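Take a look at the structure set out below.
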Amino acid sequence: MRRFERIVVLTGAGISAESGVDTFRDKDGIWSKIDYRDVATPQGFERNPGLVHDFYNQRRRGMAGVEPNAAHFALAELEREFHAHFLLVTQNIDDLHERAGSRQLIHMHGELAKALCMNCGSRHEWRDDLSTSVPCPACHHTGLMRPDVVWFGEFPYQMDEIEAALGTCDLFVSIGTSGNVYPAAGFVEEARSAGAYTVELNLEPSGGRNLFAEAIHGRATEIVPAFAKQLLGSG
Ligand code: BV8
């Protein structure tokens, strides 16, 4: 494998699947059980904040006992070797990447373990249930705390940093994502037009498979450590 200097990795729900975290669009996935318009849009929160809080409270509670898997650890090791020019962008809102040791990390869709006050804009570490009766720890306003996640129709976080990295990378790797959600699904084309080599690692071909120069299919806990080892072996 050729030698790369500047790597951008994008991950989706598939990298956490073997840790026991549900994906969205697989059979029995999250969106097969609840309509995303009711729980992952600002309009849904406006209509029924209690339903949205229950949805995220269940997912927050569901993280108890969930551990990072070999794929998360392999990416953290890859970063340590490529520290200066390595960026991990995740669509996931779980904290498994940071718990595996990843540091050059952007949660473009926000974080389950954070709450945002819509009154004063303050953000808070949040591992308990949220509800409309929880006061903001900063402004003490009640009723306007929400999960700090990016819903459909909202702007993903740190897009400037992400676009800058895509424009200068020489390797773009997409792991465990179905390529359904934009702008993340369009990152491969931005990286490719900047001259990067593009690889998809996924259980099965994603919707965007043909946009990648190479695709490796299999379970993340097997193909990600093997891919990272090959990259490190190429020096
Ligand atoms: C925005 C909330 C304006 C948090 C989520 C074109 C350009 C820009 C926007 C749009 C556009 N077209 C349409 C839009 C609007 C919309 C959109 O994309 N709609 C889709 C449905 C068409 N996008 C937005 O609204 C975004 N904001 O556009 O702002 C803008 C415009 C331009 C530039 C900047 C901004 C906001 C999108 C964020 C929505 N929030 N969730 C939460 O509750 O988690 S989306 C939701 O889907 C999650 O965040 C999730 O991360 C994301 C993507 O899903 P995946 O991670 O891919 O999961 P999925 O289940 O689909 O796939 C899992 C894959 O893993 C599968 O392929 C499977 O095979 C694989 N797998 C399974 N097991 C394994 C495995 N692989 C390996 N090993 C295994 N063991």
Side-chain angles (χ1 to χ4, degrees), residues 9-45 51-60 62-63 68-72 74-75 88-97 106-116 130 146-163 166 173-190 199-209 212 215-227:
V9 177
L10 170 71
T11 60
I15 199 168
S16 297
E18 289 163 88
S19 294
V21 181
D22 288 342
T23 62
F24 291 88
R25 297 169 187 84
D26 286 328
K27 195 170 91 44
D28 300 333
I30 294 174
W31 297 147
S32 71
K33 296 179 183 125
I34 194 160
D35 186 331
Y36 78 90
R37 289 165 296 194
D38 292 334
V39 292
T41 63
Q43 297 78 5
F45 189 67
L51 178 71
V52 176
H53 280 309
D54 287 348
F55 175 65
Y56 286 97
N57 290 342
Q58 272 173 42
R59 288 171 69 189
R60 210 174 284 110
M63 287 306 292
N69 63 50
H72 297 105
L75 292 182
L88 172 54
V89 181
T90 188
Q91 299 173 89
N92 300 339
I93 61 174
D94 64 51
D95 59 355
L96 298 179
H97 281 306
I106 291 179
H107 276 279
M108 67 178 289
H109 290 166
E111 296 175 66
L112 193 53
K114 282 210 177 120
L116 167 66
L130 257 183
R146 60 168 276 184
D148 186 17
V149 299
V150 176
W151 287 325
F152 287 97
E154 296 185 322
F155 234 85
Y157 291 155
Q158 298 180 255
M159 283 302 294
D160 293 347
E161 292 97 309
I162 295 170
E163 305 280 359
L166 292 170
V173 188
S174 173
I175 303 174
T177 180
S178 63
N180 274 296
V181 174
Y182 290 84
F187 289 172
V188 55
E189 287 169 294
E190 294 183 50
V199 187
E200 165 179 280
L201 275 66
N202 206 53
L203 188 64
E204 59 203 8
S206 76
R209 177 339 186 181
F212 291 85
I216 302 168
H217 296 131
R219 293 152 62 94
T221 53
E222 288 154 21
I223 61 177
V224 177
F227 184 75

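Since the model is a prediction, treat every value here as computed from it, not as a measurement. All ligand and atom numbering here is 1-based and tracks the order in the structure. All heavy atoms count here, side chains included; hydrogens, waters and symmetry mates do not.
Listed by chain and residue number, nothing satisfies the side-chain hydrogen bond (donor to acceptor under 3.5 Å, both in side chains) test with Asp22 (two or more places apart in sequence, or in another chain). Under the salt bridge (charged side-chain N to carboxylate O under 4.0 Å, His left out) criterion, Asp35 pairs with Arg37, not counting sequence neighbours. Qualifying salt bridge (charged side-chain N to carboxylate O under 4.0 Å, His left out) partners for Asp148, counting only residues two or more places apart in sequence or in other chains: Arg123.
You'll find the side chain of Leu203 stays beyond 4.5 Å of the side chain of His217, heavy atoms only.
Under the 30°/60° scheme for interplanar angles, the aromatic rings of His53 and Phe45 are found to stand perpendicular.
The two atoms that bring Val39 and Tyr56 nearest to each other are O-CE1, 3.3 Å, heavy atoms only.
If you look at ligand 1, the protein residues with a non-hydrogen atom under 4.0 Å away are Gly12, Ala13, Gly14, Ala17, Glu18, Thr23, Phe24, Arg25, Asp26, Tyr56, Arg59, Gln91, Ile93, His109, Val150, Trp151, Phe152, Gly153, Glu154, Phe155, Pro156, Gly176, Thr177, Ser178, Asn180, Val181, Tyr182, Pro183, Asn202, Leu203, Glu204, Gly218, Arg219, Ala220.
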